> 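To start, I am sharing the structure in question, which I have written as C-alpha cells.
Along the sequence shown, residues carry numbers from 1. In this text the structure is predicted, and so the values were computed from the model without any measurement.
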Amino acid sequence: MLLFVSLGFALVASAATDPGYNCQPGQQCWPSWQEWQQLNQTIDGHLFQTIPLGAPCYKNSKYYDAAVCEAVENNYNNSITRGSNYGQTYWPNWEACGGSGCSLVSLDPDETMYNTCSLGRLATYYVDVRNASHISATLLFAQAHNIRISIKNTGHDFFGRSSVPKSLAIWTHNLDNLNFYQNFTAFNCPSANGLNVGEMGAGVVAGDAYRFFNSHGMDVTGGYEQSVGIAGGFGQGGGLGEYTTTYGLMVDNAVEFEVVTADGEVRIINECNDPDLFWAMRGGGGGTYAVLTKYRVQVYPSVPIHTYTFEANFTGNSTTQNKALREILMAHANHQIEWSTQLVTGSVDYYPNKVAFDIVLPYNDNGSKLKAATASFAQFVSNISDISVAENSYASYATYADYLSITAADARKTEPAGIFSLLASRLMPRSLFTTPETTKELVDGVIEGIEKARSLLNLTATQVVLESPLSNPDTDKKTSAHPAWRDALWHVIHVGEWEEPLSPSALESATTGFLEMLEPLKKLSPGGGAYFNEAHYGEVEWEETFFGGNYGRLVEVKGSPFYKCYQEW
C-alpha cells in the first residue's frame, strides 16, 4: 500500500532556477508503479497511499467498512486520536478542495459531509518516516521526479500548510522520541552546552512532551492545546503558552536542531554550526528551510500552576450586553500593564453575550502572587451590573501535568476537532495601554471585530492572549520571530467556526469580512504584525505582517542551494 500528505513546501534545485516540482498523477512525468515500489523498498516499506479518515464511512467508497467506520465515528472529535491518522486535518477546511472531500459532520459523525469520498486537498502518497534516512530518500526521489513535497505531523494547522494536493508527503508523526539531558553537550558548539535540555522528535505531541518532562521534574515551553505537534510549526514558528511571559517563546529556548536539508543530507545545526539556518528555523516556520527530525530545547524546573477563572453571562438586551462587554474589556486593558509586570499569562474569550477569563501564573508559591495581581480586577467584575457571574475563583495545581486536564477540557470547548475554522489576528503593542485615549481606541477596535464576526458567522469568539515573551526581549536578534512580539501585550484573535461547508458566496463573505475586521487594529499598530501560526491565511501584506523586518534575511537564508525550499502563501 501507499499513503501521503503536504504543506506547501517544494524543493528548488538552485537559487537561479525553479523547476516547479509540480508533476502530478496522470502526467508522463509521474513515476511508474515500479519506481514507486523501488522507493518503497528504499524506505523499508513505509510508503502509503492516502486514505481519508472518513473513507470507511462512505458507502460508495472502495474503503467502506462498517466496523472501521464505527471506530472512526466514536473518535472523530478526539483531537489526539484524530492526529494519529494521516488522512485528516484538524479542521476540515484543509481536507476539502472546493466541494470535494471525505469528511464527516463534526456534531453528527454518523453523517457524511459530501456525496462521494475524494482526497480533496490531501496528498496522493505519504511516507511514514521512522528515521532521517527515510526523509533523505524521499527528498531525492521528489527531486528526481519533480514532485511537490509536503510535511505533516498532526494536521493542527490553521493555515492548512500540511495538506497539499497531489504531493508526496513526509509524515513525521512517528518520530516520537523523547529524551532529557541534565548535562547537555551540543554538537561541535561548546557555547551551546548547558543544563536541563530536552530532546523531542519531530512527531512528538505536546501532551506527551509535558508528561515526559514532568516525570523528570521539568517543564517545556509549550502551549495549552495537548494535541499540537510541539516541535514542528509550533516550535519553529514561534510557540507560545503559559510559560512564554517567564521564559520566552519556544524558539527563544531552542538549543539545537537535527534536520534533513534539501540535498538529502542530515545536519545538526546550532548557533555554531550553520547559524543562519538555525536563526531562520527559530521563528521562520516549520517545513520552510529543512525537514526537522529532532528539536533540542531548554527546559526548566517544574513549578506550581496558579489560575484565576472568571466567567459571566451578559444579561438584558443588546444595549446592556454591549455595555457589560465594554466595561470588562476596559477593566482588562487597564490592568494589563500591571499583570504583564507580574508575568501573568493566560487568555480571555470574549463573546457578544459572555466572557471567560483563564488567567495563569506559573510560580513557586501558594498562589498569593497571582491573587495580589488580580485582586482589584476580581473585586471590580464582581460588582458589575447586567452580568450573571458563573465563576470568580482561584485554583492551584502542583505541576503543569496536573493542570493538563483543565486545558484539555477548555480546548474541547474552544477548539473542537473536525469543525471548520477561520482566524484573524493582530499583536497589540504596549504603547496602546499607556493612555486613556489609546486604551479606549484599542477596546473600540476589539469590540468592532467581535460584532463584525458575529454578523458573518453564528459561532464566533475573540480571544485575547496574554502570552507575550516579556522576559526575553531578544535584543541580540537571535531568533527570526516577528519583532512585534517583543513589544506586544495582547495577541488578539478573532475566531469563526462552522460545522458544515458554507456556500461559495458565504465563504467569500466570511473570508473577506475577517480580513476587514482587522483594519481598526492595524491602524493602531502601524508596522506591527501577527502570529502567523494563528492568523488569517489570506493576509495580503503577509511579508510585513508575519515576518516584519526579518523577511529580507529569511529570503536570503532560503537562497542556499543546500536548504532552499519554497513556501507557498
Side-chain angles (χ1 to χ4, degrees), residues 196 198 200 206-207 209-210 213-214 218-226 228-255 282-283 285-286 295 297-308 336-348 357-364 369-370 373 397 399-400 403-404 406-407 410-411 425-430 433 463-475 478-493 528-535:
N196 301 331
M200 303 178 292
Y210 302 151
F213 292 120
N214 181 254
M218 295 286 153
D219 290 320
V220 62
T221 51
Y224 86 100
E225 169 51 78
Q226 291 188 58
V228 170
I230 191 171
F234 178 91
Q236 296 168 64
L240 69 156
E242 280 80 2
Y243 294 101
T244 309
T245 53
T246 305
Y247 302 127
L249 299 166
M250 189 165 171
V251 295
D252 295 331
N253 291 280
V255 175
R282 295 177 74 185
Y295 195 121
V297 63
Q298 187 70 54
V299 294
Y300 298 92
S302 295
V303 295
I305 302 296
H306 308 291
T307 66
Y308 166 59
Q336 187 58 60
I337 288 181
E338 172 60 21
W339 289 356
S340 296
T341 300
Q342 300 297 325
L343 301 183
V344 169
T345 182
S347 63
V348 186
F357 277 69
D358 183 19
I359 304 302
V360 181
L361 182 62
Y363 196 69
N364 195 16
K369 183 178 180 181
L370 178 62
Y397 305 87
T399 69
Y400 193 75
Y403 179 54
L404 288 179
I406 305 301
T407 66
D410 184 59
S425 70
R426 191 74 175 175
L427 295 169
M428 308 312 297
R430 175 184 291 269
F433 299 83
Q463 188 173 62
V464 176
V465 180
L466 328 177
E467 296 172 345
S468 302
L470 302 164
S471 61
N472 194 326
D474 195 25
T475 52
K478 291 185 177 181
T479 79
S480 54
H482 199 303
W485 273 116
R486 309 304 168 175
D487 189 46
L489 296 190
W490 277 7
H491 168 35
V492 178
I493 317 170
Y531 180 29
F532 80 115
N533 277 343
E534 298 175 350

> On a heavy-atom basis, which atom in Phe433 and which in Ile337 lie closest, and how many Å separate them?
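Looking at all heavy atoms of both residues, the shortest contact is O-CD1, 3.5 Å.
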
> Between Tyr210 (side chain) and Gly223 (backbone), is there a donor-acceptor pair under 3.5 Å?
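Checked: pair present.
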
> What's the separation between atom CG in Leu470 and atom OG in Ser340, rounded to the nearest 0.5 Å?
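Nearest 0.5 Å value for the CG-OG distance: 5.0 Å.
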
> Using 0.5 Å steps for rounding, measure from the OG atom of Ser468 to the CG atom of Leu249.
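The distance works out to 8.5 Å.
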
> Output the distance between atom CD (Glu242) and atom OG1 (Thr345), rounded to the nearest 0.5 Å.
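Reported to 0.5 Å precision, the distance equals 6.0 Å.
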
> Taking side chain to side chain contact (heavy atoms under 4.5 Å, CB included) as the definition, give me every residue that meets it alongside Asp474, ordered by chain and number, with sequence neighbours left out.
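Only Asn472, Lys478, Thr479, Arg486 meet the side chain to side chain contact (heavy atoms under 4.5 Å, CB included) criterion with Asp474.
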
> Is there a side-chain contact between Asn364 and Pro304 in this structure, where contact means two heavy atoms from C-beta onward sitting under 4.5 Å apart?
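Touching, per the 4.5 Å side-chain cut-off.
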
> State, with a plain yes or no, whether a side-chain heavy atom of Thr307 is found less than 4.5 Å away from one of Ile406.
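Side-chain contact under 4.5 Å: no.
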
> Give a yes or no on whether the backbone of Thr407 and the side-chain of Gln226 come within a donor-acceptor separation of less than 3.5 Å.
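No; zero donor-acceptor contacts below 3.5 Å.
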
> Work out which heavy atom in Pro362 is nearest to a heavy atom in Tyr243; give both atom names and the distance.
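Closest approach of Pro362 to Tyr243, heavy atoms only: CB-CE2, 3.7 Å.
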
> Run the side-chain contact (heavy atoms from CB on, under 4.5 Å) test on Glu534 and His491 for me, step by step, so that the C-alpha distance in whole Å, both residues' side-chain angles and the decisive distance to 0.1 Å come before the verdict.
CA-CA 10 Å; Glu534 298 175 350; His491 168 35; 3.0 Å; yes

> So, taking the atom named CG in Leu240 and the one named OH in Tyr224, what distance separates them when rounded to the nearest 0.5 Å?
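Interatomic distance, Leu240 CG to Tyr224 OH, rounded to 0.5 Å: 10.5 Å.
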
> Which distance, rounded to the nearest 0.5 Å, do you find between the CD1 of Ile493 and the CD of Gln463?
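That separation rounds to 5.0 Å.
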
> If every non-hydrogen atom of Tyr363 is compared with every non-hydrogen atom of His306, which pair is closest and at what distance?
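Closest approach of Tyr363 to His306, heavy atoms only: O-NE2, 3.0 Å.
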
> Start with the C-alpha distance between Leu466 and Ile359, add both sets of side-chain angles, then the distance that settles side-chain contact (heavy atoms from CB on, under 4.5 Å), and finish with yes or no.
CA-CA 8 Å; Leu466 328 177; Ile359 304 302; 3.6 Å; yes

> So which atom in Asp252 and which in Arg282 form the shortest heavy-atom distance, rounded to 0.1 Å?
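What the structure gives for the nearest pair is O-NH2, 2.9 Å.
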
> Using 0.5 Å steps for rounding, measure from the CE atom of Met250 to the CE atom of Met200.
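Met250 atom CE to Met200 atom CE measures 3.0 Å (nearest 0.5 Å).
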
> Regarding Asn253 and Tyr300, is there a side-chain donor-to-acceptor distance under 3.5 Å anywhere?
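Checked: Asn253/Tyr300 side chains pair up, N/O donor to acceptor below 3.5 Å.
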
> Report the C-alpha separation of Asn196 and Gln298 in whole Å, then their side-chain angles, then the decisive distance to 0.1 Å, and conclude whether the side-chain contact (heavy atoms from CB on, under 4.5 Å) test is met.
CA-CA 6 Å; Asn196 301 331; Gln298 187 70 54; 3.9 Å; yes

> Report yes if some heavy atom in the side chain of Leu370 is under 4.5 Å from a heavy atom in the side chain of Val344; otherwise report no.
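They are in side-chain contact.
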
> On a heavy-atom basis, which atom in Glu467 and which in Gly346 lie closest, and how many Å separate them?
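Distance-wise, the nearest heavy atoms are CG-O, 3.7 Å.
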
> Quick one: does Tyr295's side chain have a donor or acceptor within less than 3.5 Å of a partner on Gly198's backbone?
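Here the side-chain-to-backbone pair does not exist.
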
> Can you name the closest pair of heavy atoms from Asp358 and Tyr403 and give their distance?
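Where Asp358 meets Tyr403 most closely, the heavy atoms are OD2-OH, 3.3 Å.
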
> Check step by step if side-chain contact (heavy atoms from CB on, under 4.5 Å) holds for Gln342 and Leu361.
CA-CA 9 Å; Gln342 300 297 325; Leu361 182 62; 5.7 Å; no

